[in-house]
Amino acid sequence: MIGIFDSGLGGLTAFKEINKSLPDYSYIYLGDTLRSPYGGRSQEAVYEFTEKAVNFLFKKGCQLIIIACNTASSEALRKLQEEYLPKLNDKSKNILGVVRPLTEEAIEISKTKRIGVVGTRATINSNVYEVELQNLNKKIKTFQKDCPLLVPLIEESYTKRPETKKILKNYLRSLKDNNIDTLILGCTHYPILLKEFERIMGKKVKVIDSSKVIAKKLEDYLTRHPEIEKNLEKKKKTEYLVTDLTQNFQEMSQKILNKKIKFKKIDIS
Ligand code: DGL
C-alpha cells in the first residue's frame with residue numbers, strides 16, 4: 001500500500017492527481033486534522049506529529065509513504081530519512097516528500113534561474129526549498145514568501161472572495177518585483193487557487209501545479225524502484241483516515257475530490 005500523509009485535507013489535492021495517474025494501487029490517506037494546521041508550528045512539533053503518522057502508516061502495512069504536506073516535508077523529512085529509516089533497517093520501505101520533486105521540476109522549467117517559492121511560515125522559515133534548489137544548481141536565485149493567511153481562507157471557502165484576491169496580490173508583489181519566471185506552490189492548499197496565482201503572476205511566469213508534479217514524479221520513482229513497486233498492493237482500494245472529523249472537513253474534502261467519501265476517525269498518538 002501507498003500511504004499519503006498530510007496535516008489535514010490539503011494533501012487530497014495531491015492524492016487526487018496520484019490516484020488519477022496511478023489508479024491500480026491501494027492507498028491509505030491520512031490527515032492529521034486533530035493537530036493541523038502545521039504551518040505555524042515549531043520544527044520539533046512538526047517532527048513529532050509526522051513521526052507518529054509515519055509509524056502508524058508503516059504499522060498499517062504501507063511500504064511507501066508520501067509526505068504530501070510541504071510543512072512536514074520541510075521540517076521532518078530529512079530527519080526521518082537520516083535517522084528514522086536507518087533504524088527500521090528495511091530496504092523494502094521508504095518515505096518520500098514533496099520538496100525534491102518540486103525543485104527538480106522548477107529547475108527544468110526556469111530559463112532565467114529566478115525561482116519563487118510560496119508556502120506556510122514554517123516551510124519558508126525552514127529555508128529547505130532554497131537549500132534544495134542551490135544543491136541542484138548553484139546559479140539559482142530563490143525568492144520566497146510565506147503566505148500564512150491562505151490556508152485558513154481556503155479552508156473557509158473564501159477562494160472566490162475579493163479579500164482573498166487582494167491578500168494574494170499583496171503576498172505576490174515582492175516575487176513579481178524580483179522578476180521570477182517560475183513559481184513553486186509549496187503548500188498543499190495552493191493548487192486550489194492556481195488560476196488566481198496565474199492571473200496575478202502574469203503570462204511570463206510559470207506557476208507549478210504541485211499536485212500534478214508530485215503525481216508525475218511518483219510515477220517516475222516507481223518505474224525506477226522495482227524493489228519497492230513489486231511489493232505494493234494493487235487492489236484499487238483507498239482508506240481515508242483522519243485524526244479528527246468535522247462537518248467542514250467533510251464538505252471541503254468533497255469539494256476537492258468531487259465525490260463523497262467516508263472518512264474514519266482514528267487515534268495515532
Ligand atoms: N499541509 C500544509 C502544507 O502543505 C498546509 C496546512 C497546514 O499548515 O497544516 O504546508
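Start at 1 and go down the list; that is how both ligands and their atoms are numbered.
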Visitor: Examine Arg224 relative to Tyr221 and say whether NZ or CZ is less than 6.0 Å from the centre of the six-membered ring and inside a 45° cone about the ring axis.
Guide: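 So Arg224 doesn't make the cation-pi contact.
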Visitor: Look up atom CG in Leu218 and atom CD1 in Ile2, then write down how far apart they are to the nearest 0.5 Å.
Guide: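 If I round to the nearest 0.5 Å, the distance is 5.5 Å.
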Visitor: Side-chain atoms of residues 50-65: list all donor-acceptor pairs with protein atoms under 3.5 Å, sequence neighbours left out, distances to 0.1 Å.
Guide:
{"unit_1": "Thr50", "atom_1": "OG1", "unit_2": "Val46", "atom_2": "O", "d": "2.6"}
{"unit_1": "Glu51", "atom_1": "OE2", "unit_2": "Tyr47", "atom_2": "OH", "d": "2.9"}
{"unit_1": "Lys52", "atom_1": "NZ", "unit_2": "Glu48", "atom_2": "OE2", "d": "3.3"}
{"unit_1": "Asn55", "atom_1": "OD1", "unit_2": "Tyr84", "atom_2": "OH", "d": "2.6"}
{"unit_1": "Lys60", "atom_1": "NZ", "unit_2": "Glu239", "atom_2": "OE2", "d": "3.2"}
{"unit_1": "Gln63", "atom_1": "OE1", "unit_2": "Met1", "atom_2": "N", "d": "2.7"}
{"unit_1": "Gln63", "atom_1": "NE2", "unit_2": "Gly61", "atom_2": "O", "d": "3.3"}

Visitor: Tyr29: what forms a ring pair (Phe, Tyr, Trp, His ring centres under 6.0 Å) with it, not counting sequence neighbours?
Guide: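 Per chain and number, Tyr29 pairs via ring pair (Phe, Tyr, Trp, His ring centres under 6.0 Å) with no residue.
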Visitor: Write out the residue and atom name of the closest protein heavy atom to atom 10 (O) of ligand 1, then the distance separating them to 0.1 Å.
Guide: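 Looking only at protein heavy atoms, the one closest to atom 10 (O) of ligand 1 is Thr71 OG1, 2.6 Å.
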Visitor: Within the side chain of Asn258, is there an N or O that forms a donor-acceptor pair under 3.5 Å with the backbone of Gln254?
Guide: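 Not at all, since once roles are kept as given, no pair shorter than 3.5 Å links the two residues.
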Visitor: Quick check on contacts: which atoms of ligand 1 are under 4.0 angstrom from a heavy atom of Asp6?
Guide: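 Answer, ordered by atom number: 1 (N).
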Visitor: Provide the number and element of each atom of ligand 1 under 4.0 Å from a heavy atom of Ser7.
Guide: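 This gives 1 (N), 2 (C), 6 (C), 7 (C), 9 (O) as the contact atoms.
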Visitor: For Gly10, is the nearest heavy atom under 4.0 Å from an atom of ligand 1?
Guide: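 No; Gly10 lies far enough from ligand 1 that no heavy-atom distance drops under 4.0 Å.
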Visitor: With heavy-atom distances below 4.0 Å as the criterion, list the atoms of ligand 1 near Gly39.
Guide: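 Ligand 1 atoms under the 4.0 Å threshold to Gly39: 7 (C), 8 (O), 9 (O).
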Visitor: State the OG-CD distance between Ser126 and Gln144, to the nearest 0.5 angstrom.
Guide: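 Ser126 atom OG to Gln144 atom CD measures 7.5 Å (nearest 0.5 Å).
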Visitor: Out of Phe5, Tyr38, Phe49, Tyr190, who is nearest to atom 7 (C) of ligand 1 when you count heavy atoms only?
Guide: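 Nearest option to atom 7 (C) of ligand 1, by heavy atoms: Tyr38.
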Visitor: Answer side chain, backbone, both or neither: which part of Asn70 comes under 4.0 Å from ligand 1, heavy atoms only.
Guide: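 Under 4.0 Å from ligand 1, Asn70 contributes backbone and side-chain atoms.
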